[in-house]
Amino acid sequence: MPSPGGERLAAALRESRERTGLSLAALAAKTTYSKSSWERYLNGRSLPPRPAIQELCRLAGEPDARCLALWEIAKSESNGRPKERTQPEPSAPPQPPTPRTAAPALAQEAHAQVGLAQVGLAREGPAREGLARAGHRIATAAAIVASVCAVVFGAVTLALVLLPHQRHTPRPKATPSATGPHCRAAACEGQNPLDMRCAAVPETLAEHVTGTGASIQLRHSAVCGTSWARMWGTRIHDRIEVTATGGAGRTRGARVETRADADGYVYTPMTVTRPGTSVRACFFPAAGSGQECFEARVGRDAPGAFGMPGA
């Protein structure tokens, strides 16, 4: 059964496949994955590889960032989910004799012995009456001792029956949450926003289209307390940097290394920001035609200067 993240990913992939207008057979013909593989991916029965998601999004004519973010979440859930273990139920110990039946039996036996003794003494005459009274007292004491022993035996038996059951009863274990970010504030510094699940529902602080046609966004997560930049429509060796100028002034950067990077989103690592922090992004094109910078302020709607080359 797929995880919650796997179900969301499968639903997003089905939407992308519908936008392509392709059947499963046609989808398999246009990609490197078979029809049966796509059927498993779209139904959530197995987690697709990252290139499969990129190929589907390319055929659908849409950026693959959302599906890749869901893929990262589903992958982390599948890697972190503990395997369920089943423990055999402890067998019930053999039931001891019921104390209620043991005590009357001992008492009846004692009274029977007293009765026999009294009958024999009556036949032997008055000389044995004192001995009969002594025998009666002994039999009564024996019956009392038998009753006490039966009560104690019953209590011990009850304890032996209950204690093993309590000892072997499995206790529920706390499981890690399958949702929510994996870091907050300083623990997120320098981390990937997708891996830490901070990019699930971020706020876009500002957007800019460069002279080369690349698109850049400044993003912020109020839950994680961090900001980062992402770009798409880029070329190999394009580079971006983001700096929290109102905070510690740390600069985080990312570079387009492969064709797959150029076809999708490229994210910078996160840097810690707070309300009122000014965040600045600078784009460095591979052609070396000059950098383009813009900025925005966390917690305010109005961004800073857009598209100021060399600023």
Side-chain angles (χ1 to χ4, degrees), residues 2-20 31 33 38 40-44 46-81 176-184 187-207 214-234 240 242 252-273 279 281:
S3 63
E7 292 178 352
R8 291 194 296 270
L9 173 61
L13 294 180
R14 289 194 295 270
E15 293 175 1
S16 298
R17 202 266 293 187
E18 291 176 358
R19 280 191 284 270
T20 65
T31 63
Y33 301 91
W38 279 116
R40 293 194 304 272
Y41 302 156
L42 297 176
N43 291 332
S46 63
L47 186 66
R50 184 186 180 96
I53 296 176
Q54 293 173 328
E55 290 188 32
L56 177 60
C57 291
R58 185 176 68 252
L59 292 174
E62 61 184 18
D64 56 8
R66 174 172 173 266
C67 289
L68 288 178
L70 294 174
W71 179 79
E72 293 286 352
I73 294 174
K75 181 181 178 182
S76 63
E77 287 179 354
S78 63
N79 291 339
R81 176 176 295 178
S177 175
T179 59
H182 288 174
C183 67
R184 296 180 188 275
C188 297
E189 183 68 44
Q191 300 292 333
N192 186 303
L194 293 178
D195 294 342
M196 296 296 103
R197 299 186 185 175
C198 295
V201 189
E203 173 190 1
T204 299
L205 300 178
E207 297 185 19
S215 297
I216 304 174
Q217 288 181 333
L218 276 172
R219 310 276 272 177
H220 173 71
S221 171
V223 177
C224 295
T226 57
S227 296
W228 64 92
R230 71 174 182 177
M231 59 180 176
W232 67 97
T234 56
I240 188 173
V242 61
R252 302 293 179 183
R255 183 186 182 94
V256 180
E257 300 289 352
T258 64
R259 172 49 55 187
D261 292 341
D263 290 339
Y265 284 112
V266 175
Y267 293 77
T268 69
M270 295 183 288
T271 187
V272 177
T273 55
V279 187

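Side-chain atoms are counted along with the backbone in the values below, which use heavy atoms only and exclude waters and symmetry mates.
When side chains are defined from C-beta on, P49 does not count as touching W71, because their heavy atoms never get closer than 4.5 Å. By the 4.5 Å heavy-atom criterion applied to side chains, E77 and P4 are counted as neighbours. The side-chain heavy atoms of T226 and C183, taken from C-beta on, include no pair separated by under 4.5 Å. When side chains are defined from C-beta on, Q191 does not count as touching C198, because their heavy atoms never get closer than 4.5 Å. M196 is not listed as a side-chain neighbour of R184, based on a closest heavy-atom distance of 4.5 Å or more. Side-chain atoms of L194 and Y267, non-hydrogen and from C-beta on, do get closer than 4.5 Å to each other. For the pair I53 and L9, the minimum side-chain heavy-atom distance is below 4.5 Å.
When the salt bridge (charged side-chain N to carboxylate O under 4.0 Å, His left out) test is applied to R40, no partner is found at least two apart in sequence or on another chain. Every residue meeting the side chain to side chain contact (heavy atoms under 4.5 Å, CB included) condition with A254, not counting sequence neighbours, appears here in chain and number order: I240, V266, T268. Residues passing the disulfide bond (SG atoms under 2.5 Å apart) test with C57: none are found, sequence neighbours excluded. Every side chain to side chain contact (heavy atoms under 4.5 Å, CB included) that E55 has, sequence neighbours left out, goes to T31, T32, Y33, R58. Under the side chain to side chain donor-acceptor pair (under 3.5 Å) criterion, E189 pairs with R252, T271, sequence neighbours left out. Contacts of E62 classified as side chain to side chain donor-acceptor pair (under 3.5 Å), with partners at least two apart in sequence or in another chain: S16, R19. Residues satisfying the side chain to side chain donor-acceptor pair (under 3.5 Å) criterion with S46, sequence neighbours excluded, are absent altogether. Residues passing the side chain to side chain contact (heavy atoms under 4.5 Å, CB included) test with Q217 are T204, E207, R219, R230, W232, sequence neighbours excluded. Listed by chain and number, the residues in a disulfide bond (SG atoms under 2.5 Å apart) with C67 amount to none (sequence neighbours excluded). The side chain to side chain donor-acceptor pair (under 3.5 Å) check on S227 picks up H220, T273, with sequence neighbours excluded. Annotation: salt bridge (charged side-chain N to carboxylate O under 4.0 Å, His left out) contacts of R50 (sequence neighbours excluded): E72.
Counting only distance, with no hydrogens or angles, the side chain of W228 and the backbone of P193 share no donor-acceptor pair below 3.5 Å.
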| task | Would you check, one step at a time, whether the test side-chain contact (heavy atoms from CB on, under 4.5 Å) holds for V242 with M270? | result | CA-CA 9 Å; V242 61; M270 295 183 288; over 6 Å; no
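Within the model, atoms CG of L42 and CG of L56 stand 7.0 Å from one another, a figure rounded to the nearest 0.5 Å. Here the straight-line distance linking atom CG of L13 with atom CZ of R8 works out to 13.0 Å at 0.5 Å rounding. Between the CG atom in N192 and the CZ atom in R197 there is a gap of 13.0 Å [rounded to 0.5 Å]. Between D195 atom CG and K75 atom NZ the span is 8.5 Å, to the nearest 0.5 Å.
When all heavy atoms of T234 and D261 are compared, the closest pair comes out as OG1-O, 4.3 Å. Residues G5 and I73 approach most closely at CA-CG2, 4.5 Å, considering heavy atoms.
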